[in-house]
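Worksheet for the structure shown next.
Naming: A, B, ... by sequence-line order, numbering from 1 per chain. For the numbers below, each heavy atom of this structure counts, side chains included, while hydrogens, waters and symmetry mates do not.
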Number of protein chains: 2
Amino acid sequence: MSDDPACLVTPPLSRRRGRPPRAPGDGDDVRDLLIRTGIALLTEKGYVATGLDEILQIARVPKGSFYHYFDSKESFGLRLIDGYAAYFDRRLERFLSDDARAPLDRLRAMIDDACAGMARHAYRRGCLVGNLGQEMGALPESFRQRLHDVLLGWQARTAHCLRLARDAGDIAPGSSCADLAAFFWIGWEGAVLRAKLERGPVPLRLFEKVFIAGLGASAVGARARSVSGE
Amino acid sequence: MSDDPACLVTPPLSRRRGRPPRAPGDGDDVRDLLIRTGIALLTEKGYVATGLDEILQIARVPKGSFYHYFDSKESFGLRLIDGYAAYFDRRLERFLSDDARAPLDRLRAMIDDACAGMARHAYRRGCLVGNLGQEMGALPESFRQRLHDVLLGWQARTAHCLRLARDAGDIAPGSSCADLAAFFWIGWEGAVLRAKLERGPVPLRLFEKVFIAGLGASAVGARARSVSGE
DNA sequence: GCGATTTATTGGACCGATCGTCTTTTAAAA
DNA sequence: TTTTAAAAGACGATCGGTCCAATAAATCGC
């Protein structure tokens, strides 16, 4: 799914060396600014391809400051995951727990929102978690557990919503909503990747359509085998 | 899906300078060796994170030779995609056109093969196309079309097999097999990504299970709307 | 209130890796 | 004998992450 942080970037700027005069409204949100900028760049280009220089330059934060705010690129990356997860969790909460809608409509609303997010960035930005997951082969091992945990969290929220839908009769009884939720996030990450490749919304919408159509079939395990008489 | 090339690497080795004596069986497969080695490394670590030096070192090909065989890293990358696509196409052909099996069983056999491939490399290697797709934000634009075309090819083969399954009554009539095939590859790339993240087969098998279970439901477009009375 | 100390922030140097190129050297092929 | 295929390895420019010295603000002792 796509995100939003770091859309507006209007940060500090100074020339002289040493500690600068305290900028008026700036508080100490330099760290946050770096995180938001980092998320924006990493969702587009990934971890390895994005240099600290580029992040700092766009955020207008001097290079020497980086190691004042973070220990290393690795720990910075972990912070990005946390920031992204927090942002995303608020979003999921808003949609999947929206009592004003029927459960399945909440899922649709969430998907609509994600599609709008990707469109807003011309399908150039993907999902930070998906990006980093694919890069794991070249990433610090510390990322793995964290990414996995984030996905499990999203799945848990989704499973809960699907259970409500099942209770409402919109999903075949006997379906494993945990499996369906896992299936959704496995596939959705694929759809985001594909949308980034095609630079268009078709894969997202196709995934939505077929996924929701499939919800009626379910009774997941049992039906699968009966189909071809295994 | 996972791949296989460059499992055994026992390449040329010489010390003296200048053109070496023609190795006995070697023919002129240095180019192929580089391609196979490149595929192996890129499926694991991606394009950006993999340096030419590393590829050359593993293949035991001297650095000075690279630009004799390829124009640049970019054109090398394009050759890798071609090589991977060719390899993969043979594999899809073998499974999806195996008249000895029922259509849906061919799909299952293909998935089994892919799972075995990923297991063989301890779930460290993914799909070259998926990897490069996710990296597109940092890749030469020339890769985009080629990657997309490869995926369309896989989908076409898959759609054909699904149509046979529909004719055999294993998929609800009225289903759009083109949509289902696209859905499969969108989601499967996500499953491979997730399996790489988790370093285990669960996502692959879960995706298989739910996807095949869903095939019974289908009549894709129509059913989707009737579910929640949109 | 005022000098001394501490802390926050930054300019820029550092070192290693990477890509792509080039020259020289040697062996095979013609 | 000449030409071509292939390799060794250095090279430069660039860029990556890291770190330290320099400097100003904040704080404290008196």
Please report the distance, rounded to the nearest Å, between [atom1] in [X] and [atom2] in [N].
X       : N      : atom1 : atom2 : answer
A:Leu52 : D:dG17 : CG    : P     : 4 Å
B:Ile55 : C:dT18 : CD1   : P     : 11 Å
A:Phe70 : C:dT10 : CZ    : P     : 13 Å
A:Phe66 : C:dG11 : CZ    : P     : 16 Å
B:Glu54 : C:dT18 : CD    : P     : 8 Å

Counting only side-chain nitrogens and oxygens, does [X] get under 4.0 Å of the OP1 or OP2 atom of [N]?
X       : N      : result
B:Ser72 : C:dG20 : no
B:His68 : D:dA6  : yes
B:Tyr69 : D:dA7  : yes
B:Tyr67 : C:dT21 : no

- Item | More than 12 heavy atoms of other groups within 6.0 Å of B:His160 NE2 | no
Please list each protein N or O that sits under 3.5 Å from an N or O in nucleotides 14-17 of chain C, with the distance.
none

My understanding is that only residues two or more places apart in sequence, or in another chain, count here; which of them pass side chain to side chain contact (heavy atoms under 4.5 Å, CB included) with [X]?
X        : value
B:Thr50  : B:Leu41, B:Leu42, B:Lys45, B:Glu54, B:Ile55
A:Arg101 : A:Asp98, A:Asp105, A:Arg106, A:Ala109
A:Glu44  : A:Arg124, A:Arg125

- Enumerate the residue pairs fulfilling salt bridge (Lys or Arg N to Asp or Glu O under 4.0 Å) with a member in residues 142-157 of chain A, sequence neighbours excluded, ordered by first and then second residue. A:Asp82-A:Arg146, A:Asp89-A:Arg157, A:Glu93-A:Arg157, A:Glu141-A:Arg144
- Message: Does anything in residues 30-67 of chain B form a ring pair (Phe, Tyr, Trp, His ring centres under 6.0 Å)? List the pairs, not counting sequence neighbours.
- Response: B:Tyr47-B:Phe143, B:Phe66-B:Phe70, B:Phe66-B:Phe76
